[in-house]
Peer 1: 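Structure provided below as structure tokens; questions to follow.
Just so it is clear, the structure is predicted and the values come from calculations on it, not from any experiment.
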Protein chains: 2
Amino acid sequence: MRSDRRRDLLRILHTGKASSQKDIVDALRAAGHEVTQATVSRDLREVGATKIRSGDDFVYLLPDELGRTHGSDLMIRNLERTLEEFSLDVRSAHSLVIVLTAPGHGSAVARAIDLAGLDDVVGTVAGDDTIFVATPSPDHAARLASSWSRDQERDQEEEK
Amino acid sequence: MRSDRRRDLLRILHTGKASSQKDIVDALRAAGHEVTQATVSRDLREVGATKIRSGDDFVYLLPDELGRTHGSDLMIRNLERTLEEFSLDVRSAHSLVIVLTAPGHGSAVARAIDLAGLDDVVGTVAGDDTIFVATPSPDHAARLASSWSRDQERDQEEEK
DNA sequence: CCATAGTTTGCAAGGATATGCAGAAAGTTG
DNA sequence: CAACTTTCTGCATATCCTTGCAAACTATGG
């Protein structure tokens with residue numbers, strides 16, 4: 001039955017291990033539902049599931065899990081890319097990290113930092129082109145700053 | 001040049017109007033970049049963009065926009081589906097709406113309500129199987145309650 | 001300027017997903 | 001129960017996306 005199958009579909013999606021519709025077909029068959037990929041495609045549309053990148057392959061996620069991608073690989077890459085593109089300088093000052101960005105991009109970069117969900121980041125405050133990042137200790141701040149500098153340098157090369 | 005093209009790609013993605021890689025190829029060509037769809041595919045992987053449902057078709061979004069799907073069509077459908085599945089009863093009491101859910105699903109349903117980003121919803125508090133939804137007025141509460149009851153009824157039919 | 005190594009791209013093939021259509025199933029009405 | 005309407009599904013196919021591979025391009029060191 002349709003409703004029965006959908007319950008199992010949601011369960012499968014919830015495990016976060018379905019990376020293709022074929023995977024889902026297999027899982028559903030294992031649960032006793034004889035279905036084809038075409039039906040799965042339609043079911044997925046109905047529940048609003050979408051396939052997003054997770055590292056190098058994909059995962060199907062439900063809409064309410066879309067916002068929970070904090071700290072994921074995707075968001076960490078997003079931070080790296082954002083730093084490459086918009087950060088001009090990164091320094092540490094005691095337990096703070098100060099990031100200088102292209103004018104007007106302070107908030108955007110700070111958001112990327114927040115979304116990355118790094119343990120070392122306690123909080124951020126963004127101005128127009130400057131961000132203060134609070135960390136637990138000067139040690140942490142130094143580590144973060146040097147890591148982010150590396151990300152940021154690559155862009156400087158290209159400017160030449 | 002690669003970096004130049006990527007800047008334009010990000011701009012295109014930001015408009016939220018690219019629903020296929022072919023669209024993006026066209027847009028890039030219009031901006032003076034001779035590219036093929038294969039290159040676009042690789043560029044998209046690099047910036048971490050993913051294709052998500054938007055109503056009946058798709059949109060390519062950047063990672064940091066994934067969380068901003070509040071209030072979208074996707075989230076509204078998600079709420080409808082969630083109510084169908086987990087809500088047992090919906091009533092209004094003055095300017096509040098009270099939703100009774102399957103045991104343990106209070107928070108999950110409340111989250112779906114929040115994500116839908118409805119103007120009429122001022123705030124929610126969730127218990128194990130009960131949710132209080134604050135609205136601006138008894139009028140709003142009544143409207144919401146009846147709308148959600150309709151969603152919820154469909155499931156009741158199937159229980160028979 | 002050449003040789004070499006690394007990077008980027010197009011092409012073509014293959015994989016994954018969406019969909020028109022027609023038939024099956026389920027539900028409705030008289 | 002027959003006739004009809006509506007919903008669901010599989011099949012076959014179209015569309016869309018990814019990827020291996022080889023060629024074109026860049027960068028670097030002689």
Peer 1: Does anything in residues 37-49 of chain B come within less than 4.0 Å of DNA chain D? Heavy atoms only, and list the residues if so.
Peer 2: B:Q37, B:A38, B:S41, B:R42, B:R45
Peer 1: Between D:dC17, D:dC11, D:dT18, which nucleotide gets closest to the side-chain atoms of B:S20?
Peer 2: D:dC17
Peer 1: Sequence neighbours excluded, which residues qualify as side chain to side chain donor-acceptor pair (under 3.5 Å) partners of A:R29?
Peer 2: A:E34
Peer 1: What distance separates A:I113 CD1 from A:T82 OG1, expressed to the nearest 0.5 Å?
Peer 2: 9.0 Å
Peer 1: Can you measure A:R6 atom CZ to D:dT9 atom P for me and round it to whole angstrom units?
Peer 2: 11 Å
Peer 1: Taking the side chain of A:R5 as heavy atoms from C-beta outward, which of D:dT9, D:dG10, C:dA18 is closest to it?
Peer 2: D:dT9
Peer 1: So that I can tick it off, tell me whether B:R5 and B:D43 are bridged by a salt bridge, with the cut-off set at under 4.0 angstrom between side-chain N and carboxylate O.
Peer 2: yes
Peer 1: Does B:Y60 have a side-chain nitrogen or oxygen under 4.0 Å from the phosphate oxygens OP1 or OP2 of D:dC17?
Peer 2: yes
Peer 1: Distance check needed: C:dA18 C1' versus A:K22 NZ, whole Å only.
Peer 2: 18 Å
Peer 1: CD of B:Q21 versus C1' of C:dT17: gap in Å, rounded?
Peer 2: 13 Å
Peer 1: For A:L9 and D:dT9, what is the distance between atoms CG and P respectively, to the nearest whole Å?
Peer 2: 12 Å
Peer 1: Using a strict 4.0 Å threshold on nitrogen-to-oxygen distance, state whether A:R6 and B:E85 make a salt bridge.
Peer 2: no
Peer 1: Examine D:dC17: is either OP1 or OP2 under 4.0 Å from a nitrogen or oxygen in the side chain of B:K51? Give yes or no.
Peer 2: yes
Peer 1: With the 4.5 Å side-chain cut-off for hydrophobic clustering, are A:V97 and A:V121 part of the same group?
Peer 2: yes
Peer 1: For B:D56 and B:E34, take the nucleotide of DNA chain C holding the closest heavy atom to each; which residue's nucleotide lies nearer the 5' end?
Peer 2: B:E34
Peer 1: Is it the case that the side chain of B:S87 and the backbone of B:D89 share a donor-acceptor pair, with hydrogens and angles ignored and the cut-off at 3.5 Å?
Peer 2: no
Peer 1: Inspect the contact between B:K17 and B:D57 and indicate whether a charged nitrogen and a carboxylate oxygen are less than 4.0 angstrom apart.
Peer 2: no
Peer 1: NE2 of A:H33 versus C1' of D:dG10: gap in Å, rounded?
Peer 2: 17 Å
Peer 1: How many whole angstroms separate atom CG of B:D57 from atom P of C:dT17?
Peer 2: 18 Å
Peer 1: Could you state the CZ-P distance from A:R29 to D:dT9, rounded to the nearest angstrom?
Peer 2: 13 Å
Peer 1: I need the CD1-P distance between B:I52 and C:dA18, as an integer number of Å.
Peer 2: 14 Å
